[in-house]
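A quick write-up on the structure given underneath.
Numbering of residues begins at 1 and proceeds along the displayed sequence. These numbers come from the heavy atoms of this one structure, side chains and all, not from hydrogens, waters or symmetry mates. These numbers come from a predicted model, not from an experiment. Whatever order the structure lists ligands and atoms in, that order sets their numbers, starting from 1.
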Amino acid sequence: MKKTLITLLCVVLALTALTGCGEKGTTLKSVQNAGELVIASSPDFPPFESLNSDGSVDGIEIELCNLICEKLGVKLKIEQVDFDSVLPGVQAGKFNMGVSGISITEKRQKNVLFTDPYCLAAQAIVVTEGSPITCKADLEGKAVSVQTGTTAESYCMEQGYAVNSFAANSDAQAALTTGKVDAWVIDDLTAAEMVKAYNGDGNGTLVILPEAMTTEPYAFAFSFGSEELVKEINGILSELVADGTVQAIFDKFDAPYTSPAQA
Ligand code: ARG
């Protein structure tokens, strides 16, 4: 038994060394040596990251990442994954940085390292026009759609709503528009963007309720052991917040900016 355990431990250690996973983390030097910062992103989250028809990804966070990469002197490489694979992939060392409108939570802080937040968001309730749901209290006992692995999902579960989770945000939206659920819970700025696009297409009318739920700081995620690089990126982020660059990027995407200082 003891022997088996020791063998197993050796295998794990050897694998860890080979794959570079585990507590090692990402260093500034390793990123600069590679010449690129590999980020994991779920580009179904406008205005933070969305997929263009030519397959490229853009958005507020992509612009921020490009500026960060410029300062680090490396190229940006974007790996597209479902939202619920972003943090596990970062934690496992598959990607250098998680970039997906990720809210800092205590639970996530047990698994990954976050940069300082660069903005604040909230959860919004979206319903179809004429819905009897007009505020959060009306959600009691109702079916809601959310994206898998998000803070919307955990929040709605805690509240005891009947939660329907979808890997893609667009499917969570479709669950509402096709009448499978009573409401869709999603981060406020993305709700605004997706509802505007849907209503503009003349398909029907979705309404965002004025009562927002939660306050959530967005940040970028790293594996443990990346402290030095996170410190470097925090320095870059605080400069970009202080000199108005972050505000200007939000303006460019027509999105209202709430600085983390306004918490
Ligand atoms: N802010 C929420 C969270 O951290 C939702 C993020 C969803 N992001 C995405 N790219 N689809 O859970």
Side-chain angles (χ1 to χ4, degrees), residues 38-52 55-65 76 78-91 94-95 97-126 144-159 161 163-176 183-195 197-198 208 212-222 249-250 253 255-258 260 263:
V38 184
I39 66 163
S41 191
S42 171
D44 59 352
F45 202 65
F48 295 93
E49 41 266 324
S50 25
L51 195 58
N52 298 318
S56 63
V57 180
D58 73 5
I60 291 171
E61 289 195 327
I62 304 304
E63 300 230 346
L64 279 174
C65 286
L76 177 65
I78 306 172
E79 299 282 4
Q80 297 174 31
V81 296
D82 282 344
F83 181 73
D84 63 342
S85 300
V86 173
L87 291 176
V90 167
Q91 194 185 350
K94 267 171 80 189
F95 316 108
M97 174 160 111
V99 177
S100 261
I102 308 170
S103 306
I104 301 176
T105 68
E106 269 179 34
K107 200 171 157 210
R108 290 173 178 170
Q109 278 173 321
K110 293 199 174 98
N111 300 321
V112 291
L113 206 60
F114 281 105
T115 60
D116 292 334
Y118 70 90
C119 79
L120 288 183
Q123 294 301 322
I125 305 164
V126 185
V144 302
S145 61
V146 295
Q147 185 173 30
T148 312
T150 58
T151 43
E153 182 183 57
S154 45
Y155 180 80
C156 290
M157 281 180 169
E158 274 163 30
Q159 302 295 310
Y161 309 146
V163 176
N164 289 242
S165 304
F166 299 88
N169 245 338
S170 50
D171 291 335
Q173 180 187 34
L176 174 65
W184 170 35
V185 176
I186 175 165
D187 301 48
D188 53 358
L189 296 193
T190 306
E193 197 78 13
M194 290 179 76
V195 163
Y198 180 84
I208 303 173
M213 311 185 283
T214 77
T215 301
E216 306 186 11
Y218 284 179
F220 302 128
F222 287 83
I249 297 175
F250 273 73
F253 284 86
Y257 177 57
T258 312

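- Among all non-hydrogen protein atoms, the one lying nearest atom 8 (N) of ligand 1 is S100 O, 2.7 Å.
- When hydrogens are left out, the protein atom nearest atom 7 (C) of ligand 1 is F45 CE1, 3.5 Å; that is the closest non-hydrogen contact.
- The shortest separation from a heavy atom of F48 to ligand 1 is not under 4.0 Å, leaving the residue out of contact.
- Ligand 1 places these atoms under 4.0 Å from at least one heavy atom of D44: 9 (C), 10 (N), 11 (N).
- Within the listing of ligand 1, atoms 10 (N) sit less than 4.0 angstrom from a heavy atom of E49.
- Residue I102 approaches ligand 1 through these ligand atoms, each under 4.0 Å from one of its heavy atoms: 4 (O).
- An N or O contact shorter than 3.5 Å links Q147 to ligand 1 by distance.
- Looking only at side-chain heavy atoms (C-beta outward), I62 and I39 come within less than 4.5 Å of each other.
- S42 O, 2.9 Å is the protein heavy atom nearest to atom 10 (N) of ligand 1.
- Separation of atoms OG1 (T105) and CD (E216) is listed at 8.5 Å; rounding is to 0.5 Å.
- For the residue pair D188 and Q123, no side-chain donor N or O sits within less than 3.5 Å of a side-chain acceptor on the partner.
- When side chains are defined from C-beta on, D44 counts as touching Q147, because their heavy atoms get closer than 4.5 Å.
- By the 30° and 60° cut-offs, the orientation of the rings of F48 relative to F250 is perpendicular.
- Atom 5 (C) of ligand 1 has its nearest heavy-atom neighbour, among D187, D188, T190, in D187.
- The ring-ring contact (aromatic ring centres under 6.0 Å, His included) search around F95 returns none, not counting sequence neighbours.
- From S41, atom OG reaches atom CG of L76 across 9.5 Å, with rounding to the nearest 0.5 Å.
- Contact annotation: R108 has at least one heavy atom less than 4.0 Å from an atom of ligand 1.
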